[in-house]
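Worksheet: the structure to be examined is printed underneath.
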Amino acid sequence: MRHLIDVMDLSVGEIEELIALATDIQAHPEDYREVCRYRKLATLFFEPSTRTRLSFEAAMLDLGGSTLGFSEASSSSASKGESVSDTVAVVGGYADIIAMRHPQEGAPLVAAMRSSVPVINAGDGGHNHPTQTLTDLFTVYRKKGGFSGLTVGLCGDLKFGRTVHSLIAAMSRYAGVRFVLISPVELRLPDYVREQYLDATGVAYSEVTSLDAAIGSLDILYMTRVQRERFFSEEEYLRLRDCYILTPEKLREARADLSVLHPLPRVNEIATAVDDDPRACYFEQARLGKFIRMALIMKLLGVSK
Ligand code: NCD
């Protein structure tokens, strides 16, 4: 039995296979409409979500399966003091696969250790978000045809942004990828991510504070929201929340073939006027998330068409 707790649980080859399967699913959805008949996905969301939870549910429904679950901790027995471990031990008796989001780093790993069915990490605190990374990789692949040699700018809250951590890990495995880490000093990439995936692997990267100075060199610009819920002080959040705002004026300095990604939700780090720019890919990215999650569910359940 396989779980997906960290994106590095998947080899480069497996990610390639998932992208190929997601591409086929998108092109021929009718071929996949029954493959998960009588299978159930449980979505255990102890933290808010729109895209991740609904795209998981839509994914399972489009595979012919069904879904059950909860979307806030307060409506589960966690509010009575039940442990994550006990919750999954029980849910494994009702569902064939579990997608879990939790505010505590490591909670899905603890769940996987106790679970009798595959567990997918749908975001754990400020740590990892492997299925967002699969979505991001699928989008980059769609736009660029591959990953090698790309210059990837990551901008905003690199400290608490879990999607950034998983994306750096995954992309550090492709030859010639270069990262430009754009953040205020207070929101720099955590040392453990930099040491493990950049310093140890020799991947080229730079850390800068100016988006304007960096934007012209990028193939991909990955914007992120300042993660208010992970700040210790509201004052600090208010001071940093508007540190980067991508506008049509700023985009004038960017390449014509830049792709702008964002895991969403957006607060105000991308002006809505950017949405009509052909370089804005974030809504397409959200749509692609369903297909790659369909591919992942099939892989972890060991089903094929
Ligand atoms: C992200 C998350 O939950 O980490 N959202 C998502 O899953 N698409 C990004 C965020 O909340 O800023």
Side-chain angles (χ1 to χ4, degrees), residues 4-7 22 41 43-59 69-73 98-109 119-140 152-171 181-184 187 189-190 193 220-231 237 240-246 259-270 275 280-294 296-297:
L4 178 63
I5 303 304
D6 188 302
V7 74
L41 165 77
T43 50
L44 311 186
F45 277 60
F46 297 87
E47 230 191 25
S49 169
T50 298
R51 269 149 297 274
T52 305
R53 186 171 63 84
L54 297 184
S55 68
F56 261 117
E57 294 187 359
F70 52 82
S71 55
E72 45 188 316
I98 293 173
M100 174 187 282
R101 170 170 289 189
H102 202 284
Q104 246 171 321
E105 288 81 4
L109 176 63
V119 174
I120 300 170
N121 177 3
D124 63 326
H127 189 217
N128 279 331
H129 194 345
T131 65
Q132 180 62 46
T133 296
L134 292 176
T135 302
D136 303 339
L137 293 174
F138 188 26
T139 310
V140 171
V152 182
L154 300 134
C155 179
D157 187 347
L158 309 188
K159 180 178 180 186
F160 297 115
R162 55 193 174 196
T163 67
V164 166
H165 307 158
S166 298
L167 185 58
I168 288 177
M171 288 205 71
L181 308 174
I182 309 159
S183 76
L187 299 179
L189 194 70
V193 181
I220 304 290
L221 173 58
Y222 193 89
M223 294 295 295
T224 62
R225 169 180 75 90
V226 176
Q227 306 278 301
R228 180 182 202 159
E229 66 274 35
R230 310 205 196 284
F231 273 67
Y237 166 72
L240 293 170
R241 70 170 176 187
D242 294 329
C243 50
Y244 303 102
I245 300 181
L246 185 65
S259 295
V260 180
L261 275 67
H262 189 309
L264 303 178
R266 144 176 73 186
V267 183
N268 51 358
E269 57 281 355
I270 303 182
D275 298 356
C281 302
Y282 28 92
F283 288 110
E284 182 183 353
Q285 181 185 358
R287 273 196 300 280
L288 291 173
K290 183 185 75 169
F291 300 106
I292 199 82
R293 288 185 172 98
M294 289 170 81
L296 177 68
I297 290 169

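Both counts, for ligands and for their atoms, begin at 1 and track the order of listing. As the structure is a computational prediction, the values presented were derived from the model and not from experiment.
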For residues P48 and R101, report the shortest heavy-atom separation together with the two atoms involved. O-NH1, 2.8 Å

Counting each atom of ligand 1 from 1 as listed, which ones have a heavy atom of R225 under 4.0 Å away? 10 (C), 11 (O), 12 (O)

Atoms of ligand 1, numbered as shown, that sit under 4.0 Å from any heavy atom of Q132: 6 (C), 7 (O), 8 (N)

Could you tell me whether a side-chain N or O of H102 sits under 3.5 Å from a main-chain N or O of L44, the two making a donor and an acceptor? no

Kindly determine whether D6 and N121 satisfy side-chain contact (heavy atoms from CB on, under 4.5 Å), including the steps that lead there. CA-CA 7 Å; D6 188 302; N121 177 3; over 6 Å; no

Which atoms of ligand 1 are found less than 4.0 Å from any heavy atom of R101? 3 (O), 7 (O)

Excluding sequence neighbours, so at least two apart, what forms ring-ring contact (aromatic ring centres under 6.0 Å, His included) with F160? F231

Pair M223-R266, side-chain contact (heavy atoms from CB on, under 4.5 Å): steps then yes or no: CA-CA 9 Å; M223 294 295 295; R266 144 176 73 186; over 6 Å; no

Atoms of ligand 1 less than 4.0 Å from T52 heavy atoms? 6 (C), 7 (O)

Among all protein heavy atoms in this structure, tell me which lies nearest to atom 3 (O) of ligand 1, with the distance rounded to 0.1 Å. R162 NH2, 2.8 Å

Identity and distance of the protein heavy atom lying nearest atom 5 (N) of ligand 1: L264 O, 2.9 Å

Say whether E47 and ligand 1 are in contact under the criterion: heavy-atom distance to a ligand atom below 4.0 Å. no

Could I get the full list of side chain to side chain contact (heavy atoms under 4.5 Å, CB included) partners for A170, not counting sequence neighbours? V7, T133, L137

When only distance counts, is P265 in polar contact with ligand 1, meaning an N/O pair under 3.5 Å? no

Please classify the T163 to ligand 1 contact at 4.0 Å (heavy-atom distances, strictly less than): side chain, backbone, both or neither. side chain

Is E229 in polar range of ligand 1, meaning some N or O pair under 3.5 Å apart? no

Euclidean distance, L288 CG relative to D136 CG, rounded to 0.5 Å: 10.5 Å

